[in-house]
Amino acid sequence: MGNCCSDVAGGRTAIGGTAGGLLNPGNTSNDAVDNFFKSRGYQGLFSQIELSFSASGLRDRDVLSKSDPIMVLYAKGKNGALEELGRTEVVLNSLSPTWITKQTLIYHFEVVQVLVFHVYDVDTQFHNADVKILKLEEQQFLGEATCALSEIITKRDRSLTLDLLRQDSTRSGNSQKCGKLKVYAEECVGSKTTVEMILRCTDLEYRDLFSKSDPFLLVSKVVENGDHIPICKTEAIKNDHNPTWKQVFLNVQQVGSKENPLLIECYNFNSNGKHDLLGKLQTSLVELEKLYSGGQGEHLFLSPAVGHDSQTKVLKSRLFVDKFSESIQYTFLDYLAGGFELNFMVAIDFTASNGNSRLPDSLHYIDPSGRPNSYQRAIIEVGEVLQFYDSDKRFPTWGFGARPIDGPVSHCFNLNGSNTYCEVEGIQGIMMAYTSALLNVSLAGPTLFGPVINNAAIIASQSVANGGRKYFVLLIITDGVVTDLQETKDALVKASDLPLSILIVGVGGADFKEMEILDADKGDRLESSSGRVASRDIVQFVPFRDVQSGEISVVQALLAELPTQFLAYMRSRNIQPNL
């Protein structure tokens, strides 16, 4: 476990679990937990959701009794194929069943997860059979419904009622309603209680020849078989034998319980990754709380080397708990249930470097075959995810870097052509405004982001002033490196105090390395011309070519951090969902 930090940057900065993690008002995620899920294919926000089902007004298919319904849940892939996720039990003799069996699945924010529900009447001869082996083609089909998981979890009561439809055999192509299906979603969170601690050590041993040690702490959960599962680390403090680390945050569910054994190990950081163990302590949250209350320290120890009979060595070094407090940390889904929304905004680059839109080699070329260009793809892929989180689906949409007919170059113009309002209706409205604008503006330049970011910030600021429960997401699609880099930094630093995130997609073959400066994931926190540092990271940048041909889509690459940025804003301002 001592080799978890493989580089200097990884060891010297605050790593998962310190102030700034997903559970905290900052930006660093919990490495141990994130890596566990990512190693299994999960990216971004993942929450376990339990679905419950009931139906009403089902058609009666039995002659001497009512139907005996079962519900089967499917996930629908992009190719339209259905994957069965599970089945309920059979409810006998009922046209309004409430099924007991729940179905559990993982919710991914950055993916549109389409669910399909089939309801069948199970024939009497199969009533005693295991539902898992029932041949559905031998049962009577009562109806089907479909929706996106996002449609359910964005409802305030997390329930959605759907019409069950069945193909009408007498009228080709028409469907008839044959009852209703109600789906209720519940987030599986064992505990939302988070413990905040400030830990320090005294009298640590010398391990470096010419300087003091560079200590950091690794906190692990001890499981039944004795294995240790790392759950957080502190930062490494340079040249200090009496270090006090930044606060760490532990979710009680993550630990298991306050009584669950924990192992705290203190290491001397080495840039080669071979960190020296300075001492360790087996404890629990209960014991750590007692240390805090009593103001006492606990001695660290070192175990004897394997194959040696010597006893455990108790060290002079001690661990102290300078702060221990518990609080409730609400989840992203809690805020959705509390009425918060994500409002989608779009800004499109109309600079001349995109090429003449009438020619096939232009990035703005509209293919008569209907094949979307890179701009259209980015709008569709991001918009189809975010639209579920915006109740009115009226999206502010701008263009920049173009010369409207008989006018000067504009670096922020309403894409719908209006002089008074910037909103369009739905994703289709964005697409129509985009194609119309291509016919009504002349591509020009340069590439300036500042004006559109400031416009988005004004809308977000007005929402805050009016007490709105909204968080804004601006998608900027561009083919070139920004010209007003410092002005853009100034606008971003100012906007970092607002409920706003900015997703930037780079299209075409330009060298976008300079653009990565705007994304704090790839460098230092942004600083304005006046020396002010951004309060949080609000930018995600990705070159479209890097993600359009691989397994990960542009949506997943862009949206992976959005819930974390949302929570960072809400928690840093102590905004609660008011469930």
Side-chain angles (χ1 to χ4, degrees), residues 342-351 378-379 382 386 390 394-404 407-424 430 433-434 437 441 444-466 468 470-506 514-515 517-520 525-541 558 562 565-566 568-569 573:
L342 302 180
N343 287 61
F344 185 38
M345 302 185 283
V346 180
I348 299 173
D349 183 337
F350 284 86
T351 55
I379 292 168
V382 176
L386 293 181
D390 192 329
R394 294 181 60 85
F395 307 133
T397 309
W398 304 287
F400 60 92
R403 181 179 291 105
V409 174
S410 173
H411 300 294
C412 186
F413 58 91
N414 297 335
L415 206 64
N416 58 16
S418 170
N419 292 322
T420 56
Y421 66 95
C422 60
E423 293 180 331
V424 299
I430 300 175
Y434 167 61
V441 302
T447 304
L448 307 182
F449 284 1
V452 293
I453 293 173
N454 287 330
N455 254 24
I458 289 171
I459 293 176
S461 181
Q462 289 172 343
S463 175
V464 172
N466 295 329
K470 298 178 183 294
Y471 190 90
F472 297 85
V473 183
L474 171 62
L475 170 65
I476 300 177
I477 315 172
T478 182
D479 83 313
V481 176
V482 63
T483 306
D484 62 335
L485 184 59
Q486 189 55 58
E487 291 81 357
T488 297
K489 287 183 178 180
D490 290 346
L492 291 173
V493 170
K494 185 177 179 181
S496 67
D497 291 330
L498 295 169
L500 174 66
S501 285
I502 298 174
L503 313 176
I504 304 176
V505 175
E514 286 188 29
M515 298 286 282
I517 297 172
L518 304 178
D519 188 342
R525 194 75 64 85
L526 291 178
E527 185 174 328
S528 71
S529 53
S530 64
R532 184 187 167 202
V533 177
S535 61
R536 61 193 182 94
D537 173 24
I538 65 170
V539 176
Q540 282 292 100
F541 169 76
L558 273 175
L562 189 54
Q565 292 177 357
F566 173 95
Y569 175 81
R573 284 150 183 79

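Fair warning: this is a prediction, and the values are worked out from it, not measured in the lab.
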Starting at CG of Leu518, measure out to CD1 of Ile476 and round the result to the nearest 0.5 Å. 9.0 Å
Supply the atom-to-atom distance Asp349 CG to Thr447 OG1, rounded to the nearest 0.5 angstrom. 4.5 Å
Shortest non-hydrogen contact from Ser528 toward Val493: N-CG2, 3.7 Å
How about Met515 and Thr478: do any of their side-chain heavy atoms sit closer than 4.5 Å? yes
Side chains of Ile502 and Phe449: does their closest heavy-atom pair fall under 4.5 Å? no
Euclidean distance, Ile430 CD1 relative to Leu475 CG, rounded to 0.5 Å: 8.5 Å
Non-hydrogen side-chain atoms of Leu562 and Gln565 separated by less than 4.5 Å: yes
Test of understanding: with side chain to side chain donor-acceptor pair (under 3.5 Å), list the residues that count as partners of Asp497, not counting sequence neighbours. Arg532, Ser535
Show your reasoning for whether side chain to side chain contact (heavy atoms under 4.5 Å, CB included) applies to Ser501 and Tyr471. CA-CA 8 Å; Ser501 285; Tyr471 190 90; 2.7 Å; yes
Can you name the nearest heavy-atom pair linking Ala491 to Ile453, along with the distance? CB-CG2, 3.7 Å
Evaluation steps, side chain to side chain contact (heavy atoms under 4.5 Å, CB included), between Leu500 and Met345: CA-CA 10 Å; Leu500 174 66; Met345 302 185 283; 3.8 Å; yes
Please report the C-alpha distance between Phe400 and Val452 in whole Å, then the side-chain angles of each, then the deciding distance to 0.1 Å, and finally whether the side chain to side chain contact (heavy atoms under 4.5 Å, CB included) criterion is met. CA-CA 8 Å; Phe400 60 92; Val452 293; 4.1 Å; yes
Is the closest side-chain heavy-atom distance between Val424 and Leu415 below 4.5 Å? no
What pair of heavy atoms forms the shortest contact from Gly445 to His411, and how long is it? O-CE1, 3.9 Å
Does some side-chain heavy atom of Leu474 sit less than 4.5 Å from a side-chain heavy atom of Trp398? yes
Sequence neighbours left out, cut at 3.5 Å: what donor-acceptor pairs do the side chains of residues 454-462 make with other protein atoms?
{"from": "Asn454", "atom 1": "ND2", "to": "Gly450", "atom 2": "O", "distance (Å)": "3.2"}

Under 3.5 Å, is there a donor-acceptor pair between the side chain of Asp490 and the main chain of Leu492? no
Do Ser463 and Phe472 have side chains that approach each other closer than 4.5 Å (heavy atoms only, starting at C-beta)? yes
Looking only at non-hydrogen atoms, find the nearest pair between Pro451 and Asp484 and report the distance. CD-OD2, 4.2 Å
Would you compute the distance between atom OG1 of Thr397 and atom CD1 of Ile348 and round it to the nearest 0.5 angstrom? 7.0 Å
Heavy atoms, side chains only, cut-off 4.5 Å: are Asn416 and Tyr421 in contact? yes
Under the side chain to side chain donor-acceptor pair (under 3.5 Å) test, residues paired with Glu423 that sit two or more places apart: Arg394
When rounded to the nearest 0.5 angstrom, what distance separates OG1 in Thr488 from CG in Leu448? 7.5 Å
Can you say whether the rings of Phe344 and Phe395 are parallel (under 30°), tilted (30 to 60°) or perpendicular (over 60°)? perpendicular
Under a 4.5 Å cut-off applied to non-hydrogen side-chain atoms, are Gln540 and Asp519 in contact? yes
Cys422 SG to Asn419 CG distance, which is reported to the nearest 0.5 Å: 12.5 Å
